[in-house]
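The figures that follow rest on heavy atoms only: side chains count, while hydrogens, waters and symmetry mates do not. In the text below, chain A, chain B and the rest are named by the order of the sequence lines, each starting its count at 1.
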Amino acid sequence: MNLLIVESPAKAKKIQGFLGSGWTVRASVGHVRDLPGSGQTIPEKYRALPWINLGVDVEGNYRTVYLVYEDKKKIIRDLKHACKDADEVLLATDPDREGESIAWHLAQELGLKAPKRVTYQEITETAIKKAIANPRSIDMNLVAAQESRRILDRLVGYGSSPLVSKALGTSDKRRSHSAGRVQSAALMMLAGREHARMGFASASVNGVKVRIGTAPEFQATLIRLGTQTIATPASFGPDGALKADAQEHLLLSSAQAKEAAGILTNSSLTVVQVSKKPLVRRAPAPLTTSALQQAASKLKFSAKKTADTAQRLYEQGLITYIRTDSPALSDEAVRLGQNVLRELFGAQVLPEQVRRHAAKGNAQEAHEAIRPTEFTAPEQTGLEGDELALYRLIYETTLASLMKDAAGERTSVLLDSGKGHLLAAAGTVITDPGYLQLLKDEEDGEEDASLPALQKQQSIPCVGAEVTSAQSKPPARFTEGKLIAALEKVGIGRPSTYPSILGTLQNRGYVVNEKGALHVTPLGLVATGYLSVQLPSIVDRHFTARMEEDLDRIAGGELRATTYLDTVWKNGLALSIAQAGVAAPQVAVPGFPGAVLSSKNSEVTLSYQGRTAILHEKVLSEELTEKNLERLMNGQAVRGQRASRPKTTGSKSSTRKNTSLA
DNA sequence: CAGTGAGCGAGCTTCCGCTTGACTT
C-alpha cells in the first residue's frame, strides 16, 4: 500500500479513481501549520522565547516556530496513521511555491525521513502515473522562498499595524487597526481614486447633435465651427480647466449652440469624407480566478459569492480547479471544446490556429484555466439558480475563447454645412460575428449605429438639430472586479486571497461597498494618509513585484534567504518602522482648502475654518460637499445620520460597523 | 481623607496564503 497526499479533498477523490487499490490518496486540506497566531496556545517549551508571539527570531538567523492549526490536528493524526500502513509516501501538493512549502511542512510533521515529492500539471490518469514514476526530493530553495515571503509578511504586518493603531489614537487593542503588504497597497489604490474624485472639478459643456434623414437615419455631432474645434467633456482635465492640448477649443455658449442648431435644421449637408477601417473584436481568453470574478460581476455576484459558487461546481466535478492564475487550456480541453463548437456552429467558427494565452504578473501557473471538465451543456447538468448561471458563464466563455475573433468595419464620415459647420458620425458593421454568436460583447460599450452607404460629395438632408449639454465625469470608483484586476496586474495578492482582501478592508472599517462601488471611509483616508507619509515603502504598489523577483532568486539558489531578509527587513523596513512617528496625520480634503481630516480615539475628526466635528463612521467622502461641511460643523445630520454619535458609556460592544461579506 | 495622575506591567491584537465547511451578521 502506498500513500499519496494532495491539497484538495475533491482532487484526492478523483486521483483515487485513477490509481485504484494499492494506493491511498488523502488531502492535507491546504496549509497545515503556520507561525503562531492569535488565540493559539503556545506549547510550554516555547513560552520562554521572547519572540514567540512574532514566531520569528530576527536576531537568531530568522529561526521560526510553526504550530499546527487547531482544526488541522485531526488531519495530521489521520495522515500519521496512514503513513504507518504505507510502504511509500508521496507528497503531491500543488506545483508552486506554497505547494512546495506545504509538502515540507507535511514531511516535518509526519516525520518523513527522505520525503518524496511528485508534481503534475493536469489531473489525467497518464499525467498522474507519469508523475508517480518520477519522484524527486523536496526543493529546499523553493521552500526557503516561501518562508521568506511568510516571514516578511509577518514582520511587516505586525510591525506596522501597531503604528497605525497609535496614529489613529486607538487604545483598545480589541479594536486594533491593521496594515500589511497586500491590504495597504490595495487601500492606497482605492484612496488614490477617492482623492482624485474629491479634487475633481466638473465642467459643463454645450454641443449640437443633428439627425440625418437618410434611410436608415443616423446622428452626427458638430465638431468644428469656422476654424475652431468644439470642446467636449474630454477636453477638460480633472481640475475642470481645458487640458494643455485643448486650450484652443471653443466653448460653445448656449446662444451659439442654439444659433448653430437653428441654421442646421432642415439644411442640406455635403459628405466630405468617408473613411473605413477594419475592426477586430478579440475573443476572450479562458478564465483565470480573477477573470471569473470580474466576469461574474455581470451576474451581480461579489468576489466571495463567485468563489463559493465555483467551489461547489468544482466539488461536483463540473469544472476544473478554481484558484488559478493561468489562462492555458490543456490539449484535451481544446479538443473537447472544438467538438462542441463544430456541432453547435460548424467548423467555420474555429480559427486556423488555436490561440495560446500568456499568464500575467507573477503568475505561478500551477493549474490550467477554469473550464468545464466534460463540456456538458448547461441545461444537461441539472444545475439551477446561481450555480447554473455561473456554470453557463464558464461554459460559454471557454467555448468563445476557442472561436474566431469578430471582424467588421468602422466607418467615419465628415459632413459640411457649407456655412462653417463641420459634423462627424461613426458607425460599425460586424461582417463576421465569430465568438459574438455565443457571447455578448462584455465591454458593453454603446454600439455605434450602422451608417447607410454614403458617397463623397453626396448631399444629404439634416432633419433635426438639438442642443446638448454634457458634463466631464470624475474617474469612477473601483468595483470589486476592477480592483482585483488592478491588483493582479501589479502582482499583488493571489487567487485564493482576492475575496479576503476585500473582506479585510471592509472589516477594518477602511472601505465600504455601496451598490458595488468601493468607497474609502474617512478612517481609511486617515490610515493611508499616515502610511504614505511615514511608511511609503509598505504602501508602494511595486513592493510586491520587487519581492517576487527576489523570491525567484532565492528559489533559484542565487540569493540566501537570510541575506534577503537582512537587506529588506533589518536594514530597511525595520529601520523605517523604528523611526516612524505616531502622531495622527493631518489629511487634506481636496477641493476644500483648509479642511483637514484627522483621528483621535479611533474617531475621525474634520476640522474646517477653526471648528472641529467628529465624523460618523458612515459619512463618506462624497458627502463632504460645501453644504454638508457646514451641517457637519453644526452637528447636524448628513444623509439621515447623526454627524457625531453620542458617547456609548459602559457598553463594551463594538460600535464598528459590521461589514462581513456573507 | 478622597480624588487624581504618573508609572508600570500584564494581556491582547496585528500579517499573507492554502484549503473547506461551520456558523452567526
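Within the nucleic acid shown, A/A27 has no heavy atom closer than 4.0 Å to any nucleic acid atom. A/R149 comes within contact range of at least one nucleobase, with a heavy-atom separation under 4.0 Å. Using a 4.0 Å heavy-atom criterion, one finds that A/Q146 contacts no nucleic acid atom at all.
For the pair A/L573 CG and B/dC16 P, the computed distance is 14 Å after rounding to whole Å. For the pair A/L535 CG and B/dT14 P, the computed distance is 19 Å after rounding to whole Å. Going from atom CG of A/N507 over to atom P of B/dT13 covers 15 Å, rounded to whole Å. The interatomic distance linking A/L502 (CG) with B/dC16 (C1') rounds to 15 Å, in whole Å. When the C1' atom of B/dG11 is taken as reference, atom CD of A/Q40 falls 17 Å away, rounded to whole Å. Atom-to-atom, CG of A/L152 to P of B/dG17 comes out at 11 Å; the value is rounded to the nearest Å. Atom CG in A/L505 sits about 10 Å away from atom P in B/dC15, given to the nearest Å. Per the geometry, CG belonging to A/L54 stands 13 Å off C1' belonging to B/dT13, to the nearest Å.
Under 3.5 Å, the side chains of A/S8 and A/Y314 contain a donor-acceptor pair of N or O atoms.
In terms of the salt bridge (charged side-chain N to carboxylate O under 4.0 Å, His left out) criterion, residue partners of A/K305 (sequence neighbours excluded) are, by chain and number, A/D386. Residues satisfying the salt bridge (charged side-chain N to carboxylate O under 4.0 Å, His left out) test with A/K72, not counting sequence neighbours, are none. Remark: A/L383 pairs with A/L313, A/Q316, A/L318, A/T381, A/E387, A/L388, A/Y391 by the side chain to side chain contact (heavy atoms under 4.5 Å, CB included) rule, at least two apart or across chains.
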Intra- and inter-strand pairs of DNA chain B in dot-bracket (Watson-Crick or G-U wobble, both distances under 3.5 Å; | for another strand): .........................
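Under the 4.0 Å criterion applied to side-chain N and carboxylate O atoms, A/D550 and A/R546 are not assigned as salt-bridge partners. With respect to the salt-bridge test (charged N to carboxylate O, under 4.0 angstrom), the residues A/E70 and A/K73 qualify. Note on A/E548 versus A/R97: salt bridge recorded, some NZ/NE/NH1/NH2 to OD/OE distance being below 4.0 Å. Between A/R117 and A/E100 there is a salt bridge, with a side-chain nitrogen of the basic residue lying less than 4.0 Å from a carboxylate oxygen of the acidic one. A salt bridge is absent between A/R150 and A/E147: the closest approach of a Lys/Arg side-chain nitrogen to an acidic carboxylate oxygen does not fall below 4.0 angstrom.
Note that CZ of A/F18 and OG1 of A/T124 are 6.5 Å apart. Values are rounded to the nearest 0.5 Å. Rounded to the nearest 0.5 Å, atoms CD1 (A/I75) and OG (A/S28) are 7.5 Å apart.
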Sugar-phosphate or base contact per nucleotide [nucleotides 18-24 of chain B; S, B, -; heavy atom under 4.0 Å]: BBS----
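Under a 3.5 Å cut-off, the side chain of A/E368 and the backbone N or O of A/E122 do not form any donor-acceptor pair.
Distances shown here put every side-chain N or O of A/S161 at or beyond 4.0 Å from the OP1 or OP2 atom of B/dC15.
At a non-hydrogen distance threshold of 4.0 Å, A/D153, A/R154, A/G157, A/Y158 from residues 153-160 of chain A come into contact with DNA chain B.
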